[in-house]
Amino acid sequence: MDAAAAMIPEEVEAELALLRRRLARSEAARAEAEALLEVKSRVLAQANEQLKANREHLRIELGQRTRQLLEAQRVAGFGTMIWDAEAFKGEMSPHCQALLGLHGLAAIDGVMSVDGSHPMLDRVVPEERRKVFEFSKRLTIRALELKRSGVAGHKDTSHQVCTTEDCQTCAHMADCDRMLEFRIIGLSDGEPNRMIRALAETSFDEDLGRALVFITVQDITREIEAANEADALRQRDQRRMRELEQLAVELRAAREVAERANAAKTRFLAMMSHDIRTPMNGVIGMLELFDDAGLSESQHEMLQLMRSSGDQLRMLLDDIIDLEQAESGKLTLAAFPLEVGTFLGTSIGFWARAARNKGLTLQLERAAFGYDRPLVEWIVADRYRLRQIIDNLVSNAVKYTKRGGIVVRVGPVAENRFRFEVIDTGIGIPPERRAEIFVDFGQLHTVDVQAGGSGLGLAICRRIVDLMGGTIGVEAGPGGIGSCFWVELPFVEVDGPTAAKQKEEKRLRRFDGGRLRVLVAEDVETNRIVARGMLGKLGCDVDLVTNGEEAVEAVRNGQFDVVLMDMSMPVLDGPEATRRIKAIPGAVSRTPIIALTAYSGRAELAPMMTAGAIGVVKKPIVLEELYRAIRSVCH
Amino acid sequence: MKGVIFSELIRWVEESYSPSVADQMIRQAQLPGNGSYTSVGTYPHVQALAMIGQLVEITGEPVNALAEAYGYWLSARFAELYPQFFVGFDDAITFLKAIDGIHQKEVTKLYPDALTPSVIAEVDGQDLLVSYASHRPFAEVAHGLIRGYIGHFGDDLVILRDETTPGPHAARFILQRK
Ligand code: HEM
């Protein structure tokens, strides 16, 4: 018993010791575990704190970022919407809500249907709801397809190319239209509809495992309005442009018509004038020949009136023909040596009597015009045309001046340019009319018939001066009284003949003292009678023939000092007769021949001049001109 | 090495032999903490080697056989202790292919200071090659664990040892269908 009892405690003792050691190990392990746990808990608590702090930080950060993003959306004027294609749930940014007029509707859900009511579709104008519905349906399907095919990373972007390399999906995407513009009902009552542009991007977000449609929304109403306005403006401008072009075409056409009509009118006038010349010739010629002797005073006055009327009529005809020639470019210039001083003296002297009759003075003065060398003596000029200018200016001055007088000043302005001025003390010309008085009747409204001229004189003067390469103008006279008409012309100096200045003499004599013998070849009887009368007055012996053939015979057989040869005659005309006379052997071939012509243009004269004529007398014949022509060829 | 490997070792000896063999093994190994281990603690792995060494003394069985037996027994314990790691696995091959990931991700989540071995499983034709490598000499434990999981999932597989791989620090196991 004892042994057993003693034995049992011994085994039990061992067992107990074992258990005690196991217990000790367990307790030690537990203590260690608890200590470890406490450390872990502290670490965990700290980590938790840290985590909370981090989360708070992130929350603030996220809030800020979100606010910034939304602010950016507001400033940029677009809103965003994210649509979960599977959940049929969408989120709208505040600005998106504002743009669409869906305030307070951050989340939208529910399946869209065209017929049923949907908050977003309800905002769209009814006729475009289907379009918007189809658009969102297409995008939803697209996003789901992306998820099913597991193409992560791919983005169907509406405004940029997908950047995923070798993207399998892009190949199939071209047909998917990802932009839509649609109208929504005005935001407030009475406001017009607004235009919205939506740009969509479908994607499969691998991390979230969601098929998403990301949409940006923009109000483009003003953009469209601006574009429309610009379009309207452009169209209006184009329309105006077309109208202007049309107007220009019409104006051009009208001007052409007017120009043609004007040319035709001038031509017609010239033809008329030409036809009137021949009978005029007779009338004027006869008046010149009419002997004043034995007439009563009133008869004498009547005769004077008839003569001056005839003169005016002749000048008018000349002017019309000259103008027609100028307009049609037929006006050409002759070039003959001319002694300036004498020429001006004679030209102006011609008007001395008219001036005296009106109680006006008429003086010729030399002037320097800022160039101190004296004017040369001999120049080359078209005597007839130069005379025409001077006659026009001086006659006008006499005509329009009631009191005072006329001064003609002449002098050089440069080495080869001279100027002459015709200064009167008349009523003057207001500045605004100064340009128009040089314009011919093609453009002028009224013709100054009252003053007795054709009103074309200055226009012709301007044409001639233009042709001569000079300038003509008018300004107020000295001290603002009257007018100063001035002309500046280029000139070419020549050596003059040394012959002494011939004394003015109306009686033409040969150097040997006898009377000059003149042959007149003229087919029109009136002209023959006028010519004979005038030559008689000049103290010449006259023979008359009626055609060129008779003229050639007469020259061959007789001793003539000069021949007056009409240009157009039957049987043999002037040029041909002239040629034949020049072909006669012996001294008679040198008989000077003066052309008689109703034309004054060089072109018409050319055949006579080339045939050998050396002078011209215009019809109707004026005594003074006839005298000068004969004198210049015979002396 | 994590305390769970030590505490389970003692438990295995207590269950497979007797509490007094375990007590003797612990006392003879002259361990610094007198054999008190908590699974969350971390201890030098040489203590495990010391204990197995004493178990060889006491039982007279070869060390490799003991280590392999421990691994085999441990596989079942892991299934009891960490059932969450076995969710979704129906066969040993799939499980072994995932074990490296489990060691590195899941085990270190539980025990942040664990230094698990490299256990790589790769398919080679009909076979599965499982390569073990560690700075610790537990190739036999690995063998036991593999055998354990083949049994656990009920796969018809035999384990061949690639004898060319040297020593307890590294080993290659070839798993073939029977
Ligand atoms: C769910 C199953 C498993 C769990 C939970 C698990 C867990 C662990 C843990 C906690 C350690 C200690 C590591 C340390 O403290 O450094 C460990 C080590 C170890 N595990 Fe696993 N393990 C599992 C499966 C396996 C399998 C299938 C093998 C077979 C190859 C294996 C082989 C080893 C070995 C050999 C060690 C010892 C340490 C070393 O060799 O470095 N384990 N295991």
Side-chain angles (χ1 to χ4, degrees), chain A residues 3-58 86 147-150 152-153 204-210, chain B residues 1-45 47-48 50-52 54-55 57-59 77 81-82 88 105-115:
Chain A
M7 256 188 62
I8 293 166
E10 216 176 280
E11 284 170 11
V12 170
E13 200 60 48
E15 192 77 1
L16 274 176
L18 175 69
L19 285 173
R20 247 184 255 116
R21 278 196 301 278
R22 278 189 70 185
L23 191 64
R25 281 203 295 273
S26 289
E27 277 173 353
R30 204 179 83 184
E32 195 193 340
E34 279 167 357
L36 269 173
L37 199 64
E38 274 171 25
V39 173
K40 282 274 148 101
S41 292
R42 268 201 305 281
V43 171
L44 205 65
Q46 269 173 11
N48 214 24
E49 282 304 309
Q50 187 63 46
L51 207 65
K52 259 197 232 159
N54 283 354
R55 235 198 5 230
E56 182 60 13
H57 179 74
L58 275 178
E86 277 170 313
K147 181 177 178 175
R148 198 171 312 129
S149 58
F204 165 49
D205 187 314
E206 208 181 11
D207 291 339
L208 300 176
R210 290 205 294 174
Chain B
M1 194 160 70
K2 293 315 294 179
V4 67
I5 305 294
F6 300 86
S7 55
E8 288 307 313
L9 176 65
I10 294 166
R11 191 186 185 101
W12 166 63
V13 177
E14 281 180 340
E15 279 185 14
S16 305
Y17 297 91
S18 70
S20 70
V21 172
D23 184 59
Q24 193 186 349
M25 174 185 79
I26 290 162
R27 281 194 296 155
Q28 285 177 18
Q30 294 182 332
L31 301 164
N34 295 319
S36 80
Y37 296 101
T38 163
S39 62
V40 288
T42 302
Y43 314 91
H45 73 272
Q47 293 183 7
M51 284 195 278
I52 291 174
Q54 291 311 310
L55 190 60
E57 292 292 307
I58 296 163
T59 60
R77 279 293 291 160
L81 289 170
Y82 314 108
K105 271 192 205 155
E106 309 301 332
V107 173
T108 42
K109 255 186 226 168
L110 218 51
Y111 311 114
D113 52 351
L115 288 169

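Here the structure is a predicted model, which is why all the values come from computation and not from measurement. Within every chain, numbering begins at 1; the chains are lettered A, B, ... in the order of the sequence lines, protein sequences first and strands thereafter.
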> Would a 4.5 Å heavy-atom cut-off, applied to side chains only, mark Arg25(A) and Ile26(B) as touching?
Replying inline: yes

>> Using 0.5 Å steps for rounding, measure from the CZ atom of Arg30(A) to the OG atom of Ser36(B).
In response: 13.0 Å

> Nearest 0.5 Å, what's the CG-CZ distance between Leu18(A) and Arg27(B)?
Replying inline: 8.0 Å

>> Can you tell me which portion of Arg22(A) sits under 4.5 Å from chain B's heavy atoms? Options are side chain, backbone, both or neither.
In response: side chain

> Checking heavy atoms, do the side chain of Glu14(B), its backbone, both or neither come under 4.5 Å from chain A?
Replying inline: side chain

>> Report which part of Asn34(B) has an atom under 4.5 Å of a heavy atom belonging to chain A: side chain, backbone, both, or neither.
In response: backbone

>> With a 4.5 angstrom heavy-atom cut-off, is it the side chain or the backbone of Ile10(B) that approaches chain A, or both, or neither?
In response: neither

>> To check you understand the geometry: which heavy-atom pair defines the closest contact between Thr38(B) and Ala33(A), and what is its length?
In response: OG1-CB, 3.4 Å

>> If you count every heavy atom of other residues, nucleotides or ligands that lies below 6.0 Å from Arg77(B) atom CZ, does the total exceed 12?
In response: yes

